[in-house]
Engineer: 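I am attaching a structure below and will ask some questions about it afterwards.
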Amino acid sequence: MSQNLVELSVNGSIQVMWAWESDTLLHVLREVLGLTGTKNGCEAGHCGACTVWIDGIPRLACLTPVGSVVNSEITTVEGLGSWWQERHPSSHYHPIQRAFVESGAVQCGFCTPGMLMAAAALLRDVKFLTDQDILERLAGHLCRCTGYEQIVQAIRQAALTEVTEQ
Amino acid sequence: MTVKAPDLIPMSLGTNVKHRIDAWAKVTGQALYADDIRWPNMAYGVLVASPYPHARIVKIDLEPARTRPGVLAAIAGPGSVAPYGIMPSTQDEQAMATEKVIYLGEPVAAIAATTLDAAREAAHHILCEYEMLKPVLRPGVEQARPLIDPVHPERPQKDLFKEVDLEFGDTAEGFVHAFKTAEDTFFYQGSAHVAMEPHSALGYWTPEGRVELVTATQTPHYVQRELAVALGIDTYRIRVRTSVVGGGFGGKSELFPHEIATVLLSRACGRPVKITLSREEVFYAHRGRHPVSMKVKTAWDNNGKIQAMDFQSVLDGGAYASYGLATTYYTGALQTVSYAIPRYHFHAERWYTNKPPCGPKRGHGTTQPRALLEVHFDRVARELGIDPIELRRRNLTPPYSVTVNQLEVGSSGLQTCLDKVESLSNWHARHVRHEPDRGLGFACSTYLSGAGLPIYWNSLPHSGVRMAVNRDGSVQVFCGLTDIGQGAETMLVVLVAKALGINADRIRVHTADTATTPVDLGSYSSRVSMMAGNAVLEAAQRMHQILKDSVCAHKGVEPSQVTQDGEVFHVQGDEAVPFTQAVLWAEEDIGPLTTFGSYTPPKVLGHYKGAGVGPSPAYSFTACVADVKVDRGDGRIRVHHLWVAHDLGTPLHRPSVEGQIRGGVVMGLGEVLMERQVFNPDGRHRGPHLLGYLIPSIQDIPPITVAVVGEPDPKGPMGAKEVGQGPLNPVIPAVINAISDAVGIDLNETPVTPDNVLRALDQQSRRQRL
């Protein structure tokens, strides 16, 4: 087995690198591309901190071999703002980022990038959110600091922002 | 073509700090945690751990690993030149084990390579031979089975780490004259912190022979001090900085083997080295909640007033001392701060076992006795026919009093906390509800706002702040405190903005760097707001004086003619002077503007051995009511609602206060319902990962009503007391009391798992059949 030339599309730009196809996407993002916003909390798919979008779907980067995503579009927390800006040129930042700041949903911040990616996908997918939607879609994301309430509030707030902006 | 620039985030002006100052960096991926940092030419290190809980090391051969591709250095024990440890009187750790391993996961060697993969691969080639010994898994097992090898055979007391016996007043007399006596026993299971960020450190032994360490720690100044002992070099040669820390809860508050190993590997290979622990290794590094077996006996008069208490605890300490000395005393220290106990006897033992070392976890040593105490009070209330909240009310320690064990209690909002949760939960209506198997339970608790004595006894300040106002009009605050996610840096900004009357936007904080910040002892024992808060206020008040003096001098007026309103100094009969002008004048007068502030807690009252554990400048108080339903079929507990009232004096930053309370309450909920750091009979951890060790997820959270009560505390900065730890404590007994109210079973251990509930229900129905 040897390393292959891997071409990835990350946050809208093409990245080419030598990598083992079995390397995890998490490893490539953090160690090769220096995108350390995506966090490594357990390397086993248990905590949700490494969640990124693969073709718009929230997935665990620690369980994703990089060879399986060569033709996919990958979005990390660093690219969330520009993903939003492409669609809503009036802001650099996704409303969920602002809502996390304003609702006190961030404490240590280590689970935050994964939470944001899950929440932003949820906001995009579901027009009229219920609390049940939030609880279901964030069930795989552990947070030890906040007790979750302010995270739920932030998602509710962002849902309102999105509705009013459109 | 016009370029449409996106809106920038509006800056918050005014002295009011709405949002945490680090939040934007954290939601954009800009915040750098230790594992996110990469230094030029950095190597990657891994630790090689013992696979056995108790074994003699026969041989460790590094040679086969040294020739593997990419390997730069491999080292084996002891690593440290002298034993080290956080408590000066119980230093018993080495970076790596040499003769014996005493817990599964204890490091025996370390290896550095050009990549993490290479380091991990090479680690498998280190040859370790062990001769297995029977693991000691229960405290005091050597008493029953003298042939078993103790964990620490070299100690005269063998595995008995510490025995404490304290008596205040004549406890026996209290029992002789009692109207009623009661007794309960309880086992509180051990638990882990599970900060979402695994420990990580970058170490560099520079060519000049200095040490640079960037690490995820709660206590950079202690790490520096311990590292000097472990490496045998002068303290001033070592610089410890804290990265952004992804949660602590007590689990990152002393020197760890991986921190020493990064430095030693760096010395061996000449490059900076980073070591990040895996989630599994974090469970082995541990320092979490001690499992404690307890027994309480109390004597009461016919009015439901407590006459005497006898409290005994046996702590399972794990392999090393860690903070265990303090933990042992803490299991007996704060009972009297909640309740006016006139006669009190306390006995505690902490034992070494072949398990990962226990240490401080949120609520440090007070959580376990609190669970028993509050469960016990409920049972006494039932037997005396007094409402549980009323029984507490009759026994509260009055504000501004001295307890029998010589603790000085200041402001207390405990009474208000009780009243608040009583009314919020509609407590007195609980017996007219007709839903079967549903009940309400009450508990209250007390915590410190910082320990009154430092770990290293001396008369130096516990916290220091250096403040500079730059020519550009910015205020730079330097303080050794560590923001571990609780919002300590935001707290500094809140206080400085208010004290100087300036826009919060001007203020930058620089923290947790032993080279550039004055010592703050660290983020533990809920001390930061109290101590760094008071220190920063002192520095700000001195700065304010300097600015005002310069305004007076340049305007030729008396201080009484100058008042400040926001960023403007108003001068009687003259033009107003903006803050920025005052800064320039002051620099003209005295040079670059710098002030200092510091804080030293009041003198401790008690003079007995152990009097140093328990005193605090101010105590916080909490009360909680839990509404639960028990499923008799499968034994599951459903918590419907929690009401929590916390007395923290003045809340300094509302969102952070609410976040700390909610986070603490949910951690308590995890401890009572699901969390357990437990081991198989062969000494292996039952599940050193987040599926084997469950913590509450977003789906496990009931509605929680939070009430912030209390009056400004005279000792706290702008009246503030602690909020980081206290709210965890009452949740555990409140839930257990609610279960008892719901189905009439008395549970005597944590966590309350479905099988424990079913067993208790089964015993109950058998008793009823008799």
Side-chain angles (χ1 to χ4, degrees), chain A residues 20 23 27 30-31 34-44 46-47 49 76-81 85 88-94 96-113 116 134-136 138-152, chain B residues 4 6-9 18-20 22-33 35-38 115-116 193-198 244-249 276 278-279 484-487 654-656 658-667 669 689-691 695-699 701 703-704:
Chain A
W20 303 100
D23 278 348
H27 171 83
R30 289 180 55 83
E31 302 297 331
L35 292 170
T36 53
T38 304
K39 301 303 177 202
N40 179 2
C42 69
E43 262 185 305
H46 300 165
C47 76
T76 70
V77 69
E78 290 94 340
L80 186 59
Q85 198 187 341
H88 304 79
S90 64
S91 177
H92 281 309
Y93 307 106
H94 192 290
I96 192 64
Q97 292 173 302
R98 189 185 292 241
F100 263 58
V101 172
E102 292 177 355
S103 304
V106 180
Q107 286 194 29
C108 88
F110 202 78
C111 72
T112 305
L116 290 170
I134 299 175
L135 298 189
E136 275 171 20
L138 270 78
H141 295 261
L142 295 176
C143 167
R144 193 61 156 167
C145 296
T146 63
Y148 301 100
E149 173 65 24
Q150 284 151 307
I151 291 173
V152 174
Chain B
K4 188 164 178 277
D7 294 343
L8 295 175
I9 300 302
K18 276 166 76 182
H19 313 309
R20 286 176 61 115
D22 53 353
W24 273 107
K26 288 175 176 175
V27 298
T28 48
Q30 296 296 320
L32 288 180
Y33 300 77
D35 190 44
D36 300 339
I37 300 168
R38 189 190 293 199
T115 66
L116 184 56
H193 315 87
V194 197
M196 293 321 297
E197 178 206 27
V244 176
V245 180
F249 315 112
T276 301
S278 67
R279 181 54 65 186
I484 54 173
Q486 83 278 50
R654 285 268 174 184
S656 300
E658 187 187 336
Q660 284 296 296
I661 295 177
R662 289 186 180 281
V665 166
V666 168
M667 194 176 271
L669 197 61
H689 46 74
L690 297 173
L691 290 186
I695 64 170
S697 83
I698 199 166
Q699 297 194 322
I701 313 302
I704 300 167

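Computed from heavy atoms alone, side chains included, the values below leave out hydrogens, waters and symmetry copies. Predicted model, so just to flag it, every value in this text is computed and none were measured.
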Engineer: Quick check for you: to the nearest 0.5 Å, what is the distance between A:Ile134 atom CD1 and B:Ile698 atom CD1?
Structural biologist: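 These two atoms lie 7.5 Å from each other.
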
Engineer: Look at the aromatic rings of B:Trp24 and A:Tyr93 and report parallel, tilted or perpendicular, splitting at 30° and 60°.
Structural biologist: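 Aromatic pair B:Trp24/A:Tyr93 classed tilted.
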
Engineer: Under a 4.0 Å N-O cut-off, is there an ion pair linking A:Glu31 with B:Arg38?
Structural biologist: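 Answer for the salt bridge query: yes.
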
Engineer: So among B:Arg662, B:Gln660, B:Gln486, which one has a side-chain hydrogen bond (donor to acceptor under 3.5 Å, both in side chains) with A:Gln107?
Structural biologist: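 That would be B:Gln660; it is the only one of B:Arg662, B:Gln660, B:Gln486 passing the side-chain hydrogen bond (donor to acceptor under 3.5 Å, both in side chains) with A:Gln107.
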
Engineer: Can you name the residues that form a salt bridge (charged side-chain N to carboxylate O under 4.0 Å, His left out) with A:Asp23, not counting sequence neighbours?
Structural biologist: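 A:Asp23: no salt bridge (charged side-chain N to carboxylate O under 4.0 Å, His left out) contacts found.
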
Engineer: Between B:Ile701 and A:Gly147, which heavy-atom pair has the shortest distance, and what is it?
Structural biologist: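 In terms of heavy atoms, the two residues are closest at CG2-O, 3.8 Å.
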
Engineer: Is it true that B:Asp36 and A:Lys39 have a side-chain N and a carboxylate O under 4.0 angstrom from each other?
Structural biologist: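 Looking at A:Lys39 together with B:Asp36, the answer is yes, because their closest N to O distance falls below 4.0 Å.
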
Engineer: Using a 4.5 angstrom heavy-atom cutoff, name the option from B:Gln30, B:Lys26, B:Arg279 with the most pairs to chain A.
Structural biologist: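 Counting heavy-atom pairs under 4.5 Å, the top option is B:Lys26.
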
Engineer: NE2 of B:His19 to OG of A:Ser103: how many Å apart, nearest 0.5 Å?
Structural biologist: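 Here the interatomic distance stands at 8.5 Å.
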
Engineer: Which residues pass the side chain to side chain contact (heavy atoms under 4.5 Å, CB included) test with B:His689, not counting sequence neighbours?
Structural biologist: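 Here the qualifying residues are A:His46, B:Leu691.
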
Engineer: Look at B:Val194, B:Ile484, B:Val245, B:Val27 and state which one has the largest set of heavy-atom pairs under 4.5 Å with chain A.
Structural biologist: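 It is B:Val27.
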
Engineer: Can you find a pair of side-chain heavy atoms, one from A:Glu149 and one from B:Ile704, that are under 4.5 Å apart?
Structural biologist: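 The answer is no, as the side chains (C-beta and beyond) never meet within the 4.5 Å cut-off.
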
Engineer: Report which part of A:Ala139 has an atom under 4.5 Å of a heavy atom belonging to chain B: side chain, backbone, both, or neither.
Structural biologist: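 When you check distances to chain B, atoms from both the backbone and side chain of A:Ala139 fall under 4.5 Å.
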
Engineer: For A:Gln97 and B:Thr28: C-alpha separation, side-chain torsions, deciding distance, then whether side chain to side chain contact (heavy atoms under 4.5 Å, CB included) applies.
Structural biologist: CA-CA 7 Å; A:Gln97 292 173 302; B:Thr28 48; 4.0 Å; yes

Engineer: Quick one: are B:Asp35 and A:Arg30 in side-chain contact, heavy atoms under 4.5 Å?
Structural biologist: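 Yes. Closest side-chain heavy atoms under 4.5 Å.
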
Engineer: Highest number of heavy-atom pairs under 4.5 Å with chain A: which of B:Ile37, B:Leu690, B:Val666, B:Val665?
Structural biologist: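 Ranked by contacts with chain A, first place is B:Leu690.
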
Engineer: Heavy-atom distances under 4.5 Å only: say whether A:Leu80 touches chain B with side chain, backbone, both or neither.
Structural biologist: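 For A:Leu80, there is no contact with chain B at all, as no heavy atom is under 4.5 Å.
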
Engineer: Do you know which two heavy atoms are closest between B:Gly29 and A:Val77, and how far apart they sit?
Structural biologist: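 Closest approach of B:Gly29 to A:Val77: CA-CG1, 4.0 Å.
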
Engineer: Check each atom of B:Leu32 against the heavy atoms of chain A and say whether the ones under 4.5 Å are side chain, backbone, both or neither.
Structural biologist: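 For B:Leu32, side-chain heavy atoms alone lie under 4.5 Å from chain A.
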
